[in-house]
Structure formats: structure tokens, C-alpha cells
Trainee: 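To start, I am sharing the structure in question, which I have written as C-alpha cells.
Keep in mind that the numbers below use all heavy atoms, side chains included, and drop hydrogens, waters and symmetry copies. Letters A, B, ... mirror the listed sequences (proteins, then strands); counts begin at 1.
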Amino acid sequence: MSEVRTRFAPSPTGFMHVGNLRTALYAWLLARSASGKFILRIEDTDQARYVENAVDVIYATLKSAGLEHDEGPDKDGGVGPYIQSERKGLYRQYAEQLVASGAAYYCFCDKNDEAADENAVHDAAEPCPGHCGELDAAVAAERVKNGEPHVIRQRIPRDGVSVFNDTVFGEITIENKVLDDQILLKRDGMPTYNFANVVDDHLMGITHVVRGSEYLSSTPKYNLLYQAFNWEIPQYVHLPLIMGRDAEGNVSKLSKRHGSVSFENLVTEGYLPEAIVNYIALLGWSPKSDREIFTLKELAEAFNVAGLNKSPAVFDYDKLKWMNSEYIKALPFEEFASKALPFTTVADSPLADSWEKIAALLHSRVETFADCQEKIAFLLEQPEYGVELFNHKKSKSTPENSAEDLPLIRERLAALEEWNAAAISDVLSKFAEETGVKAGRPMWQARIAVSGCAVTPGGPGEIMEILGKQVSLARIDAALSKF
RNA sequence: GUCUCCAUCGUCUAGAGGCCUAGGACACCGGGUUCUCAUCCCGGCAACAUGGGUUCGAAUCCCAUUGGAGAUGCCA
């Protein structure tokens, strides 16, 4: 029994789509759960799409997600290079081999002939306008020798059917005649994704090909290639697609128009990498239990291809948010405080020293770190508000009684020597007791006066402690001037 | 157009012939706790696409219909 080897083969586009990340996750999980190897290969065969530093984004994402690779451009495992552009010569050699055996042929048609009619439906029976497949091999070889621009196309049989077995979708049968003579080697000498994949997967000893189900219908073309080379066909694990819902309510493959779909975007929006990974693990796979929160390690232990689903899964931001909030709440306080700080402007404010107290207010109240700033903005600067905010039915607070009570409360507060939440609450409670009202009333009155918000994280004591005596009293004075 | 795949609450899913008057989670709606809010606790709403079979019995098997998605690139 040979060792399981899976690979993740992203193209360096500069950002990591969560769908790609999920593919990487499952490939990693499959390798780890079988004590196999996880290989990273960079698919940069499209020169036009080259993006600076894109490979670094891939490394950073994998690292941040915890998906460590065993082999890759930076970790030689003996089957490199792991970057396709550095393997360029190899592909030509293999493509020529196919031409020699008749499984492929040179095509001299102009790119533009085909591109002219962009939306034209491709007719598999007529792969190129020039019928290059029918050209005499010797004549074609001569033209190539003379430097005529060309591509190499795969010669697909016009009859028969291709049958293959997919780990999740089962047996798939496709008639060969609907397969087109796909291009293997481009005019620039670079291989196409499909061809490079087959060559590299074989050369790198990949045993399980984990990829999205959008490749299901082109898999026979891959297999025909493997057969032409007389190579062993790997085991396919096609994953259900991740879908997004647009404004009209239609679903389609998750893309930018559906919202933030890249890992790094999600992170900058305040999601924890662990939460993102946990969430996408459950998109298309089920542990077959009611459990939902898993660490990466636990996922590796629980992972089983039997739990892979066939139907597409809609990416649900609400559920991601919920999961993120679970992860945030589970964070040790110190860690929460240090991770949340950069999402606020507190560090550059007079309240910087009170950050821990502020963070304590936030910890159980945010779903993403991005929620932080908005929730504590009133501490940094009190918003404009009207006296009607003093109305609160339950505590029987009104602008009128607030105008009466607040000066008295202010007086007691001003006399306070120990300025902390407990002492402040105590003043408020005592005041209520002495005037014969429920504690809720002065609490509400005071909180509105110092915050200017109907809803705040924390109560009047906590808010005033953070604000400090001077600012708190000043805010009460400001409130008083409104009556 | 053609080919392929898919089909359980709004969403993610459990369910592999009787354990299903279909379970869990998110969202939503109530209630409780709380100095507002949040946390936390309790409860509720809500689905087997349709039609035929097969079977003593079907969400589970088969067929058709309908619906959805993907593929059909010198993109990956």
C-alpha cells in the first residue's frame, strides 16, 4: 500500500478564495488522516495573470490557517520544482511524446479565429477551424520545424464512452464525442492547467486528486491523457461547490459579487482564522454528529471522506459570524484584548490606558473584531442626543425626573473619592434607595447622561470608571444643560 | 443548444427501508436572568420538490417530470 499524497495547487492570483482554501483543507485533512503527505504546487502557467508577491500570500494563508505542507517550493521533497513555470521544458517534452504516439497533434489555427466569436458554443466534433487533426503528421512536423506558431491539442476519440469512479460522486459516464480536443500546450509553450496537472500529479506521485466538482465533466479528458501515457489514474475526490447568493436571491459559484470571499478579506474584517477554517470544514462535509466546533487537530481526527457531500453548499455569513463569536468568546481575555485593539482607535486616544477595561466590556458582545469600534465609539466621543433618550418605561425614567435627579446624583458622584465601577454603582443604588425608586432609574439616567446611547456595552458604573471622574462629570453637566 | 451532476427546515446538515408524529446548528420569534445591551438559560416557528413505481412498509431503492448548479477557454 503506497503512501497517500495529496496536493494543493493554487494559482498565484494574489488572494485566497475560501473555496480554494476549503479544497486545500480537505486535501490536507485527507493526507493527515492517512498519515500521508500534503504537497503545495504553484500553478502559474498563465503569464498574463502573474501577480507580484502572490506566492507569499499563499504561504501566509496556509500558515495562518494551520495547513502546513510537507513539500513545496520552499520544502523540497525530491520531485520538484514545485512551481510550474519552472517546469516548462518538461511539458513540451511530454506533449511531443503524445504527438509522436498520435494521442495529440499540432494545431496551427489562429487564436483569434476562435476568439472572434466569444459566446459561440463549442462544437467538440470540430475542435479547430482548420481541421489540424487531419493534417499529415510529417507535414505538420515540418511546419513546426519551420517555426510556425502552433499549439498542441489532445486527440480525443470520437466514439466510445469514458467511465470513471469518483470518491464522492460515484460512477460517472461520459460519451467521448462530447469531449473537445483541448489544448495541451499553448502557443507560448506553456502547458494549460489541465495538461500540467496530469503531468505534475503523476510525476509528483499524487495518489488522491482533491478538487472542486467543476472538474467532474472534464475528468475523462484527464483520464485519456493518463491512458495515453500509460500512467496510473489517481483517485478522484471531487468536492461540492461553494455557492453564494446574490441580491436577486439567485445562487451561483461563490465569487466576489457575493461579498468577501477571500481568506485575507475575512481576516481583516475581524474573523479569526480558526473560525474560518472550522466553518468551511463544515461546508460540504459532515462529521456525522451534532458537533460543530472543531480545532484543526480534531478535524484531522474526525475527517472521513464518507462525510463528504454531493450537493452544493451556500456560504452563510450569518453562521460564520456565529461561529466566529464562539471562537472570540473562547479566547483567553488577554488574547482577545490584544487582537481586538488594532480594530479600534483606542490606542491613539486618551483612553489607551483603559483598554483592558474597555476590552472586558467587548469580549462577550462582538461577533467579529470589526464590531468593536462601533460599540465603543461613544467612549471616545459622545454622540449628539436628545432628552427623549431619558425616557425608559421599565425604570420609569423620564427627562423630567432626570432633570431633577441628575444634579443630586452628580453631587454625590463628585464627592466620591474612590472612582471605580463598584463605588459608582453603590452611589446610584443608595440614591435609589433613599428616594424610594428602583435602582434601574438612576442607572438609566446616569448611563444616558454619560453615554448618550440607548444601548451600550456595560452599565453606568463601568462606563464612568473608564471615562474617569472628570469626563464623567463633564458629560453629566452637558446633559443637564439640555433640560 | 449539448453534456454532467445535484435535490431534507430560509441556510449548513443528520438520516444509508421500519428507530422519523424527520434530529442538531445558524437565522428569526417569544420568555427568564441582568443597571441598558450582550452573554447565559428555556421555549417556538420551519423541510423530505412533484408524479409514478418496487415493498407488508420509502425521506431512504428505481423511473419520469420539474427545479437548480457546473462544464463546454491558448483561465485555473
Trainee: Select one nucleotide: of B/A71, B/C5, B/U36, the one nearest the side-chain heavy atoms of A/E214.
Mentor: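 From the listed options, B/A71 comes nearest.
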Trainee: Examine B/A76: is either OP1 or OP2 under 4.0 Å from a nitrogen or oxygen in the side chain of A/K186? Give yes or no.
Mentor: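 Looking at the OP1 and OP2 atoms of B/A76, one of them is under 4.0 Å from a side-chain N or O of A/K186.
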Trainee: Please list, chain by chain and in numerical order, all residues satisfying side chain to side chain contact (heavy atoms under 4.5 Å, CB included) with A/V151, sequence neighbours excluded.
Mentor: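 Checked A/V151 against side chain to side chain contact (heavy atoms under 4.5 Å, CB included); matches are A/C107, A/R153, A/I183, A/R187.
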Trainee: Write down the distance separating the P atoms in B/G23 and B/G52, rounded off to the nearest Å.
Mentor: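 Pairwise P distance, B/G23 against B/G52, rounds to 26 Å.
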Trainee: Decide yes or no, distance alone: a donor-acceptor N/O pair under 3.5 angstrom between the base of B/A76 and the side-chain of A/Y215.
Mentor: yes
Trainee: Looking at B/U36, which nucleotide sits across from it as a Watson-Crick or G-U wobble partner, both distances under 3.5 angstrom, or is there none?
Mentor: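 B/U36 is unpaired by these criteria.
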Trainee: Is the closest basic N to carboxylate O distance between A/D371 and A/R365 below 4.0 Å?
Mentor: no
Trainee: Restricting to nitrogen or oxygen on both sides, can you table the protein-nucleotides 38-40 of chain B pairs closer than 3.5 Å?
Mentor:
from, atom 1, to, atom 2, distance (Å)
B/A38, O2', A/S364, O, 2.7
B/A38, N3, A/S364, OG, 3.4
B/U39, O3', A/K329, NZ, 3.4

Trainee: Can A/E367 and A/K329 be said to form a salt bridge (Lys or Arg N to Asp or Glu O under 4.0 Å), step by step?
Mentor: CA-CA 9 Å; A/E367 291 188 305; A/K329 277 177 283 190; over 6 Å; no
Trainee: Among B/A69, B/C6, B/C12, find the nucleotide with the atom closest to the side chain of A/K310.
Mentor: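 Output: B/C6.
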Trainee: Restricting both atoms to N or O, compile the protein contacts to nucleotides 14-18 of chain B shorter than 3.5 Å, with distance only.
Mentor:
from, atom 1, to, atom 2, distance (Å)
B/G15, OP2, A/K288, NZ, 3.2

Trainee: Scan for salt bridge (charged side-chain N to carboxylate O under 4.0 Å, His left out) pairs involving residues 440-450 of chain A, sequence neighbours excluded, and state none if there are none.
Mentor: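 Sorted result for residues 440-450 of chain A: A/D405-A/R441.
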Trainee: On RNA chain B, nearest-nucleotide positions of A/D188 versus A/S252: which is more 5'?
Mentor: A/S252
Trainee: Atom pairs under 3.5 Å, N or O on each side, protein against nucleotides 60-67 of chain B: can you list them with distances?
Mentor:
none

Trainee: Restricting to pairs with a member in residues 426-448 of chain A, which pass ring-ring contact (aromatic ring centres under 6.0 Å, His included), not counting sequence neighbours?
Mentor: A/H392-A/W444
Trainee: Of the options B/U2, B/A27, B/C12, whose atoms approach the side-chain atoms of A/E367 most closely?
Mentor: B/A27
Trainee: Is A/K221 close enough to B/U72 that one of its side-chain N or O atoms is under 4.0 Å from OP1 or OP2 there?
Mentor: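 No, because none of the side-chain N or O atoms of A/K221 sits under 4.0 Å from OP1 or OP2 of B/U72.
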Trainee: Under 4.0 Å from OP1 or OP2 of B/A76: is there any side-chain N or O of A/T45 that close?
Mentor: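 Yes.
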Trainee: Is it true that A/Y271 and A/Y279 have ring centroids separated by less than 6.0 Å?
Mentor: no
Trainee: Ring centres under 6.0 Å, that's the criterion: do A/Y193 and A/Y215 meet it?
Mentor: yes
